Structure formats: structure tokens, C-alpha cells
Amino acid sequence: MIQYKLRCAEGHDFDSWFQSAAAFEALQKAGHVSCAVCGATDVSKALMAPSVSTADRPAPPKVSEQKKKRADMLAALRKHVEENASYVGADFASEARSMYLGATPERAIYGEATGKEAKSLIDDGIPVAPLPFLPTRKAN
């Protein structure tokens, strides 16, 4: 495995792992390497410093400013959801359907649904969206 620091045409830097240098070249040529920030496929290797560790002194972990920014944004989104919506747990699909049909008052909810339940809600025109984090196991 090899890790490359990559940069898209928009100037976003990100890291990605590949099976080999040849695998990166083949995926890049086929347009299958895309920016982790904006999705652009015009991606190239960025200048990298080698990461060498010794038994005496392991290499420090790499935490880019963009990764920290994304983590902070995700934490802020999670906080907003948890403060402004009710956690309904595994009852998410039935609660969402009940509100859509007018049987219960509309309110912001979040919880868990199986893939089959989520597909059924979407197929029935019920607006749902996945959250980019695991829900907290508590009821509001």
C-alpha cells in the first residue's frame, strides 16, 4: 500500500491510499480518482515529504488543516441536529411515515432505519436524508 498526498484542480489537498503506484496511475487515467472535498476528477500528486520513522522516534501523525476543518464542521452539524431534532431511534421510519401521512404533527427527527426502510420511505416520496455520523443513543 502507498499513501499519496493529492491536489485537485481547485487547489484542495487530501490524502489517499493505493495498492501501488501503478494502481494510482491506472485509476487516475480512468478518471476514478476524485477530490475528497469537491469531487473533481482532475487530480494529481502533490509535493510530499517522505515519512520516515525509526525505532527511537516514530513519525508524528499527520493531521491536515482541512481534515480538522471537516471534523469541526461535522461536529457542529451533529450538535445542531441533536439540539434541534428529536431522537426516535429505530422508530425513525414509522415516525417519518406517520408525520408524512398527517397522523402525527411534523417535527424534526433523527434516528435509525434499515436500508430497506429508507428505500421504502424514498420510494413513497417521504423526504429523508442520511446523516454523516452515527446517531447518539438517547431520546430527546
Side-chain angles (χ1 to χ4, degrees):
M1 294 293 287
I2 188 166
Q3 180 182 19
Y4 285 128
K5 183 172 190 72
L6 304 173
R7 175 171 287 150
C8 77
E10 300 297 318
H12 301 123
D13 291 324
F14 60 101
D15 296 338
S16 191
W17 288 89
F18 297 90
Q19 185 174 6
S20 64
F24 167 77
E25 299 296 334
L27 290 168
Q28 180 191 35
K29 192 175 203 176
H32 294 299
V33 179
S34 62
C35 176
V37 178
C38 69
T41 56
D42 186 3
V43 173
S44 59
K45 293 180 199 171
L47 188 58
M48 300 183 325
S51 177
V52 179
S53 61
T54 65
D56 298 348
R57 187 173 149 214
K62 295 179 183 178
V63 179
S64 74
E65 189 60 37
Q66 285 182 342
K67 285 181 184 177
K68 179 168 178 4
K69 188 176 181 179
R70 284 191 295 267
D72 290 346
M73 290 171 60
L74 187 58
L77 173 62
R78 181 184 194 120
K79 182 179 179 185
H80 178 81
V81 168
E82 289 177 349
E83 289 177 352
N84 295 285
S86 298
Y87 177 70
V88 295
D91 295 332
F92 178 80
S94 62
E95 287 286 323
R97 188 173 304 284
S98 180
M99 286 189 295
Y100 182 76
L101 296 174
T104 58
E106 284 192 30
R107 67 191 196 287
I109 61 170
Y110 70 106
E112 301 156 41
T114 65
K116 185 177 178 181
E117 289 170 331
K119 183 176 181 341
S120 176
L121 292 170
I122 292 167
D123 289 346
D124 292 342
I126 301 170
V128 296
L131 295 173
F133 52 81
L134 294 173
T136 301
R137 309 263 182 206
K138 65 174 185 159
N140 287 348

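Model, not experiment: these values are computed from the prediction. Hydrogens, waters and symmetry mates are skipped; everything else that's a heavy atom, side chains included, is used.
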Could you state the interatomic distance from CG (Asp42) to CZ (Arg7), rounded to the nearest 0.5 Å? 12.5 Å
Approximate separation, where rounding is to 0.5 Å, of Leu6 CG and Asp15 CG: 7.5 Å
Between Ala113 and Glu117, the two heavy atoms sitting closest are CA-OE1, 3.2 Å
Verify the neighbour count for atom CD of Glu25: are there more than 12 heavy atoms of other residues, nucleotides or ligands below 6.0 Å? yes
To check you understand the geometry: which heavy-atom pair defines the closest contact between Val43 and Cys35, and what is its length? CG2-N, 3.8 Å
Give me the atom names and distance for the closest heavy-atom approach of Gly111 to Phe92. N-CD1, 3.7 Å
Measure across Ala21 and Ile2 and return the closest heavy-atom pair with its distance rounded to 0.1 Å. N-CG2, 4.1 Å
Is it the case that Tyr87 and Glu112 place a side-chain donor and acceptor less than 3.5 Å from each other? yes
Does Val81 share a hydrophobic cluster with Met73, counting links as ILVMFWY side-chain heavy atoms below 4.5 Å and allowing steps through other members? no
Roughly how far, to the nearest 0.5 Å, is CG of Leu77 from CG of Leu131? 7.0 Å
Shortest non-hydrogen contact from Ile109 to Ala96? CD1-N, 3.8 Å
For Phe24, ring pair (Phe, Tyr, Trp, His ring centres under 6.0 Å) partners two or more places apart: Tyr4, Phe18
Nearest-0.5 Å distance, CZ of residue Arg107 to CD of residue Glu95: 4.5 Å
Please identify which of these residues, Lys69, Lys68, Arg70, meets the salt bridge (Lys or Arg N to Asp or Glu O under 4.0 Å) condition with Asp72. Lys68
Determine the minimum heavy-atom distance between Asn84 and Ala108, stating which atoms define it. O-CB, 3.5 Å
